[in-house]
Each structure stands twice: as structure tokens, then as C-alpha cells.
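Heavy atoms only: backbone and side chains are in, while hydrogens, waters and symmetry mates are out. In listed order, ligands and their atoms are each counted from 1.
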Amino acid sequence: MSNPIVRAVVTDIEGTTTDINFVHKVLFPYAQAKLPDFLRANAESPEVDEQINAVRREMGDADATLDAVIAQLLHWIETDQKVTPLKALQGMVWADGYQRGDFKGHLYSDVAPALRQWQQAGKALYVYSSGSVQAQKLLFGYSDEGDLTPLFNGYFDTHIGHKREATAYQRIIEALDLPPAAVLFLSDVVEELDAAKQAGMQTLQLVREGTQAGNTHACVTRFDEIAV
Ligand SMILES: CSCCC(=O)C(=O)COP(=O)(O)O
Ligand SMILES: [Mg+2]
């Protein structure tokens, strides 16, 4: 059964399209291991220098040494803080890992067929993750289901705002130029769904293994249960 009101789907990644364990047990440890050497080797490059200075601004210390910046980044990884320059740098480090074949982006088996079906039904597909746009494109581009990037119309990261704040979803709605209720947001995290609902989006919680179902949003366990 289709839902003609929905014209666009915006999906979260971690816990929604992708096992949380892949992010926490493969991607984060990889970044933790490689980031120090990556920063020391590339600190002079303009794109890395820009992120190092963004970390210094977050630290409130414009003169922080590279060692202090590295220590701050490792602390943010350990405590899973969604800080924009950390996410940008993680994306740069993961690029190497995907390109070398050290890992592939994990997707639950129900995700790719559903995305293809929704695209064929004329729905516009977007990603909204705390991971950087580069990291999102890498995960879907080097996924264990092949390159899924042609399925997506666009990507949003924390440059548009944080995922638990309604303003981020209002900005996404403006960017999509659609009525709020024509946009369906998928996530495992109730606070993100609350923020999207506050902005007027339709919401669905993905309750994958290990996720606690809330009672304020409709729930599904797989993408093939979603009528779009
Ligand atoms: C884009 S893959 C890496 C995901 C990531 O870094 C992260 O923090 C997960 O964020 P999400 O918003 O997808 O829960
Ligand atoms: Mg999530």
C-alpha cells in the first residue's frame, strides 16, 4: 500500500539503515587509530587546517597545539560527541579505509530494496546524519549492497543543525521546498523524531535489534514495513 502524501523520505543512518555496532565497533575505532597520524601528516593541507582551527574554536583555545587538538578529538570519539569538525575529519580518515577495502558500509538487508522501490515510486530520498556528508556518501557508495548513491537526491549533516533540534528539520523542509507533512523522517532515536515532528514532518521509529521502542511515534522493525 502506498502513501501518496509522502513525497520525500529523509533517513537517519546509525540504528536506522545501519547497525549501530558497525559505527561503534568498526568506524569509530578505525578513526581513533588513524586520526593522530592523519592529522600530523596532513595538518598543512587547507581542508584539514580548516577543521583543526574549527576544533580550536570549539575548545575556546585558538593556540591549542596539534597534540591538544588530537587529544580533544579522541575524547570526543570516546564519548560519542557529534561535533562538526570531528565528523568532517572522521569522514576524511574513513575515505582511506573504504577505498583500501578495509571495510564496507553496513546496510540492513531490507534497506536497499526499499530505497529502490521508493525511488521508482517517484519519492525523493535524502539522508540526514551526524556523520559528515562525505562520510554518508562513502557509507552508501561503498556499501555491502554496492553503490547506492544514485538513489539519493541529497544529504544533510550537522551543518544544517543538530538532530535533536526542530530548527534543523525546518531548514531541511525549506531546502526540499515541500509541505512539512509531505516529508517522512526515519530514525531510531525518539528525541530526533520529536524534533522532526515539531517541525511538522511525518515520523516513523525504526526499532532494530537492541533499540527501545518509544510510545510517541509509530514504529516499524524493517524498511519493507513502511508504506511510502
Ligand atoms: C555517516 S556514517 C557515520 C555515522 C556517524 O558518524 C554518527 O555519528 C552517527 O550519526 P547518526 O546521526 O547517523 O546517528
Ligand atoms: Mg540513529
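Nearest protein neighbour of atom 6 (O) of ligand 1, counting heavy atoms only, is Lys87 NZ, 2.9 Å. Atom 3 (C) of ligand 1 has as its closest protein heavy atom Trp94 CZ3, 3.7 Å. Of the protein's heavy atoms, Glu14 OE1, 3.0 Å lies nearest to atom 9 (C) of ligand 1. For atom 13 (O) of ligand 1, the nearest non-hydrogen atom of the protein is Ser129 OG, 2.9 Å. For atom 12 (O) of ligand 1, the closest heavy atom belonging to the protein is Lys163 NZ, 2.6 Å.
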(request) Go through the steps for Gln90 and Lys87 under the test side-chain hydrogen bond (donor to acceptor under 3.5 Å, both in side chains), then give the verdict. (result) CA-CA 5 Å; Gln90 281 178 319; Lys87 293 290 150 189; 3.0 Å; yes
(request) Quick one: do Arg40 and Asp67 satisfy salt bridge (charged side-chain N to carboxylate O under 4.0 Å, His left out)? Show the steps, please. (result) CA-CA 9 Å; Arg40 291 191 183 102; Asp67 281 347; 3.2 Å; yes
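Checked by atom type and distance alone, the side chain of Ser143 pairs as donor or acceptor with a backbone atom of Gly146 at under 3.5 Å. In this structure, the side chain of His106 engages the main chain of Asp19 through a donor-acceptor pair within 3.5 Å.
Taking the six-membered ring where the residue is Trp, Phe185 and Tyr169 present perpendicular rings, their angle passing 60° and hence far from 30°.
Of all N/O/S atoms in Asp12, OD2 sits nearest the Mg ion (ligand 2). Within Asp188, the N, O or S atom lying nearest to the Mg ion (ligand 2) carries the name OD1.
Interface of Leu139 with ligand 1, defined as ligand atoms under 4.0 Å from a residue heavy atom, comprises 2 (S). Contact atoms of ligand 1 toward Phe28: 6 (O), 8 (O) (distance under 4.0 Å to a heavy atom of the residue). Atoms of ligand 1 found under 4.0 Å from any heavy atom of Lys82, numbered from 1 in the order shown, are 7 (C), 8 (O), 9 (C), 10 (O). Applying the 4.0 Å criterion to heavy atoms of Asp12 picks out, from ligand 1, the atoms 11 (P), 12 (O), 13 (O), 14 (O). The ligand atoms of ligand 1 that sit less than 4.0 angstrom from a heavy atom of Ser130 are 8 (O), 10 (O), 11 (P), 12 (O). Close contacts between ligand 1 and Ile13 involve ligand atoms 1 (C), 13 (O) [criterion: under 4.0 Å to a heavy atom].
Inter-residue side-chain proximity for Leu125 and Thr11 is flagged as unmet; no heavy-atom pair is nearer than 4.5 Å. Phe140 places a side-chain heavy atom less than 4.5 Å from the side chain of Thr17. Contact check for Asn3 versus Val228: no side-chain heavy atoms found under the 4.5 Å cut-off.
Residue contacts with ligand 1, taken as heavy atom pairs separated by less than 4.0 Å, do not involve Phe140 at all.
At least one N, O or S atom of Glu14 sits under 2.8 Å from the Mg ion (ligand 2).
Here the two rings, on Phe103 and Tyr98, have centers that are under 6.0 Å apart. Outside the 6.0 Å centre-distance limit, the rings of His24 and Phe22 are not counted as a close aromatic pair.
Contact analysis leaves Tyr128 out of contact with ligand 1, as no non-hydrogen atom separation drops below 4.0 angstrom.
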